[in-house]
A.B. asks: 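Questions regarding the structure given below will be posed in turn.
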2 protein chains.
Amino acid sequence: MTNTDRDRVSAAPSSPEPGALRPTRQRTAVTEALGTVADFRSAQEIHDLIAGHGEKVGLATVYRTLAALADAGVVDVLRTEEGEAVYRRCATTRHHHHLVCRTCGATEEIEGPAVEDWAGAIGRTFGYADISHELELFGTCPKCAGAP
Amino acid sequence: MTNTDRDRVSAAPSSPEPGALRPTRQRTAVTEALGTVADFRSAQEIHDLIAGHGEKVGLATVYRTLAALADAGVVDVLRTEEGEAVYRRCATTRHHHHLVCRTCGATEEIEGPAVEDWAGAIGRTFGYADISHELELFGTCPKCAGAP
DNA sequence: ACACGAGTGAGAATGGTTTTCAAAAGCAGG
DNA sequence: CCTGCTTTTGAAAACCATTCTCACTCGTGT
Ligand SMILES: [Zn+2]
Ligand SMILES: [Zn+2]
Ligand SMILES: [Zn+2]
Ligand SMILES: [Zn+2]
């Protein structure tokens with residue numbers, strides 16, 4: 001993510017930078033909805049969460065807001081096996097990965113310096129530059145393993 | 001992938017197992033098209049490849065065939081950032097990952113025992129069972145780095 | 001209060017993928 | 001070769017998540 005991206009969202013309300021995002025009822029609703037859940041949710045689910053909470057925000061706006069947040073690195077995005085995008089606000093904004101329960105969706109945030117190094121080494125080996133990577137782990141969490 | 005899955009596709013033409021896939025002109029066309037390219041291609045691109053080769057196969061059939069091949073583990077599938085599914089027939093059918101050039105799509109098949117072990121260890125650490133993972137590397141290949 | 005660019009939402013448009021279903025093609029067995 | 005039965009195919013329609021349109025509303029600095 002770029003610094004400009006980050007500034008677009010975290011800019012203080014006092015800075016009149018052109019292109020800064022305005023704090024609106026809708027954007028607050030999306031952010032709060034994200035705060036009430038621990039696992040990855042689709043845009044539509046977020047939309048439903050907000051509706052169930054009494055507020056009304058257009059679906060298009062939910063999509064737009066999530067895109068902006070993802071752009072800013074505030075939320076993580078990944079794709080379900082069916083190709084649907086799901087979002088989650090993680091505790092850290094640092095680079096990390098996830099261990100997701102296939103059954104209940106419970107999610108752990110993972111940091112793995114070993115893998116980061118490995119990725120870089122592989123890139124070097126093949127002569128590739130600007131290596132980035134995408135990595136997610138899946139499994140059955142202890143809770144779900146207990147009740148088969 | 002399950003053994004039943006594999007049998008559905010690789011079954012010898014002599015075995016009259018119920019549910020076995022029949023060898024047809026269309027399926028051959030898809031398989032051959034996959035053989036003529038080295039990088040990941042979308043279903044529509046495969047469809048175009050076949051058309052450009054003179055043959056005519058319905059788009060729906062291309063989708064169905066690719067799904068079957070993926071199911072059987074014969075082709076690898078991944079999703080572009082836009083959510084489109086892209087397919088590739090890799091040299092090995094063993095578990096592996098990919099290093100893909102962001103510019104030209106050139107693809108290297110990667111095997112990383114270190115990562116496999118790391119993934120298992122992480123799973124154990126968090127008490128998760130049946131750990132699986134998804135991992136792709138992206139970068140700029142030497143050829144593309146040469147001509148910016 | 002005013003002006004104006006940013007933000008919103010209902011609905012239409014997109015675009016990849018799946019489903020439908022009737023016609024065509026494999027595969028014995030006779 | 002016929003015959004009956006199952007699988008496969010494909011054109012078009014249905015699906016569905018996501019994006020776009022555009023008239024209207026809101027937030028902000030003056
Ligand atoms: Zn779980
Ligand atoms: Zn990483
Ligand atoms: Zn390249
Ligand atoms: Zn692996």
Side-chain angles (χ1 to χ4, degrees), chain A residues 4-5 7-31 33 40-51 54-72 75 77-87, chain B residues 4 7-31 33 40-51 55-72 75 77-87:
Chain A
T4 24
D5 280 340
D7 290 344
R8 288 174 70 87
V9 162
S10 58
S14 56
S15 41
E17 324 171 21
L21 294 188
R22 291 177 183 170
T24 65
R25 175 183 65 81
Q26 291 84 340
R27 298 214 246 249
T28 303
V30 171
T31 301
F40 283 88
R41 298 298 179 98
S42 72
Q44 317 231 27
E45 287 174 329
I46 306 270
H47 180 255
D48 292 347
L49 274 179
I50 296 173
E55 298 194 60
K56 193 159 109 50
V57 176
L59 182 54
T61 298
V62 174
Y63 272 103
R64 280 186 288 239
T65 304
L66 286 173
L69 291 174
D71 227 38
V75 301
V77 196
L78 54 82
R79 298 215 167 243
T80 67
E81 206 150 324
E82 296 78 42
E84 194 178 5
V86 285
Y87 307 80
Chain B
T4 27
D7 290 346
R8 289 175 68 86
V9 162
S10 58
S14 55
S15 42
E17 325 172 21
L21 293 190
R22 291 175 183 170
T24 65
R25 175 183 66 81
Q26 290 85 340
R27 298 212 246 251
T28 304
V30 171
T31 300
F40 282 87
R41 298 299 179 95
S42 71
Q44 317 230 30
E45 287 173 329
I46 306 267
H47 180 253
D48 291 348
L49 275 179
I50 296 174
E55 297 194 59
K56 192 158 109 54
V57 176
L59 182 55
T61 300
V62 173
Y63 273 104
R64 280 187 288 238
T65 304
L66 286 173
L69 291 174
D71 227 41
V75 300
V77 195
L78 55 82
R79 298 219 167 240
T80 67
E81 205 148 327
E82 295 79 42
E84 192 177 9
V86 285
Y87 306 81

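Nothing here was measured: the structure is a model prediction, and the numbers come from that model. Each chain gets a letter, A, B and so on, in the order its sequence line appears, and its residues count up from 1.
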A.B. asks: Using whole Å, report how far CZ of B/Arg25 lies from C1' of D/dG10.
C.D. replies: 11 Å

A.B. asks: Using only side-chain N and O atoms of B/Arg27, determine if any of them is under 4.0 Å from OP1 or OP2 of D/dT9.
C.D. replies: yes

A.B. asks: Please report the closest heavy-atom contact between B/Ala29 and B/Val57, naming both atoms and the distance.
C.D. replies: CB-CG2, 4.0 Å

A.B. asks: Counting only side-chain heavy atoms from C-beta out, which of C/dT17, C/dA6, D/dT18 sits nearest to A/Ala85?
C.D. replies: D/dT18

A.B. asks: Taking DNA chain C as the partner, which of residues 56-65 of chain B come within under 4.0 angstrom of it by heavy atom?
C.D. replies: B/Ala60, B/Tyr63, B/Arg64

A.B. asks: Quick one: B/Glu55 CD to D/dT9 P, roughly how many Å, whole number?
C.D. replies: 13 Å

A.B. asks: If you define the side chain from C-beta out and look only at heavy atoms, does anything of A/Gln26 sit under 4.5 Å from A/Thr65?
C.D. replies: no

A.B. asks: Tell me every residue that passes side-chain hydrogen bond (donor to acceptor under 3.5 Å, both in side chains) with A/Glu81, counting only those two or more places apart in sequence or in another chain.
C.D. replies: none

A.B. asks: Expressed as a whole number of angstroms, how long is the span from A/Leu69:CG to C/dG7:P?
C.D. replies: 13 Å

A.B. asks: Only counting residues at least two apart or in another chain, list the ones meeting salt bridge (Lys or Arg N to Asp or Glu O under 4.0 Å) with A/Arg64.
C.D. replies: none

A.B. asks: My understanding is that only residues two or more places apart in sequence, or in another chain, count here; which of them pass ring-ring contact (aromatic ring centres under 6.0 Å, His included) with B/Phe40?
C.D. replies: B/His98

A.B. asks: With a cut-off of less than 4.0 Å, is there a side-chain N or O of B/Gln26 near OP1 or OP2 of D/dG10?
C.D. replies: yes

A.B. asks: From C/dG9, D/dT18, C/dA6, pick the nucleotide closest to the side chain of A/Glu84?
C.D. replies: D/dT18

A.B. asks: Only counting residues at least two apart or in another chain, list the ones meeting side-chain contact (heavy atoms from CB on, under 4.5 Å) with A/Arg79.
C.D. replies: A/Ala85, B/Arg79

A.B. asks: To the nearest Å, how far apart are A/Ile46 CD1 and D/dA17 P?
C.D. replies: 15 Å

A.B. asks: Is there a side-chain contact between A/Thr24 and the phosphate of C/dT8, meaning an N or O under 4.0 Å from OP1 or OP2?
C.D. replies: yes

A.B. asks: Distance check needed: D/dA17 P versus A/Glu45 CD, whole Å only.
C.D. replies: 10 Å

A.B. asks: A/Glu55: which residues meet the salt bridge (Lys or Arg N to Asp or Glu O under 4.0 Å) condition with it, sequence neighbours left out?
C.D. replies: A/Arg25

A.B. asks: Through what angle, rounded to 10 degrees, does the axis of the helix from C/dA1-D/dT30 to C/dG30-D/dC1 turn between its ends, using five pairs per end?
C.D. replies: 30°

A.B. asks: D/dC16 phosphate, OP1 or OP2: any side-chain N/O from A/Gln44 under 4.0 angstrom?
C.D. replies: no

A.B. asks: Please give, in whole Å, the distance from D/dT18 C1' to A/Arg41 CZ?
C.D. replies: 20 Å

A.B. asks: Using atom CG of A/Leu66 as one end and atom P of C/dG9 as the other, report the distance to the nearest whole Å.
C.D. replies: 13 Å

A.B. asks: Could you measure the distance from the OG atom of A/Ser42 to the CG atom of A/Asp48? Nearest 0.5 Å is fine.
C.D. replies: 7.5 Å

A.B. asks: Measure the distance from CG on B/Leu21 to C1' on C/dA25 and round it to the nearest whole Å.
C.D. replies: 15 Å

A.B. asks: Can you pull every protein N or O that's under 3.5 Å from an N or O on nucleotides 1-5 of chain C?
C.D. replies:
from  : atom 1 : to      : atom 2 : distance (Å)
C/dG5 : N2     : A/Arg22 : NH1    : 2.6

A.B. asks: Sequence neighbours left out, what passes side-chain hydrogen bond (donor to acceptor under 3.5 Å, both in side chains) with A/Arg27? Give chain and number order.
C.D. replies: none

A.B. asks: Of all residues at least two apart in sequence or in a different chain, which pass the side-chain hydrogen bond (donor to acceptor under 3.5 Å, both in side chains) check with B/Thr28?
C.D. replies: none

A.B. asks: Measure the spacing between CG of A/Leu66 and CG of A/Asp71 and express it to the nearest 0.5 Å.
C.D. replies: 11.5 Å

A.B. asks: Sequence neighbours left out, what passes side-chain contact (heavy atoms from CB on, under 4.5 Å) with A/Leu59? Give chain and number order.
C.D. replies: A/Gln44, A/His47, A/Tyr63

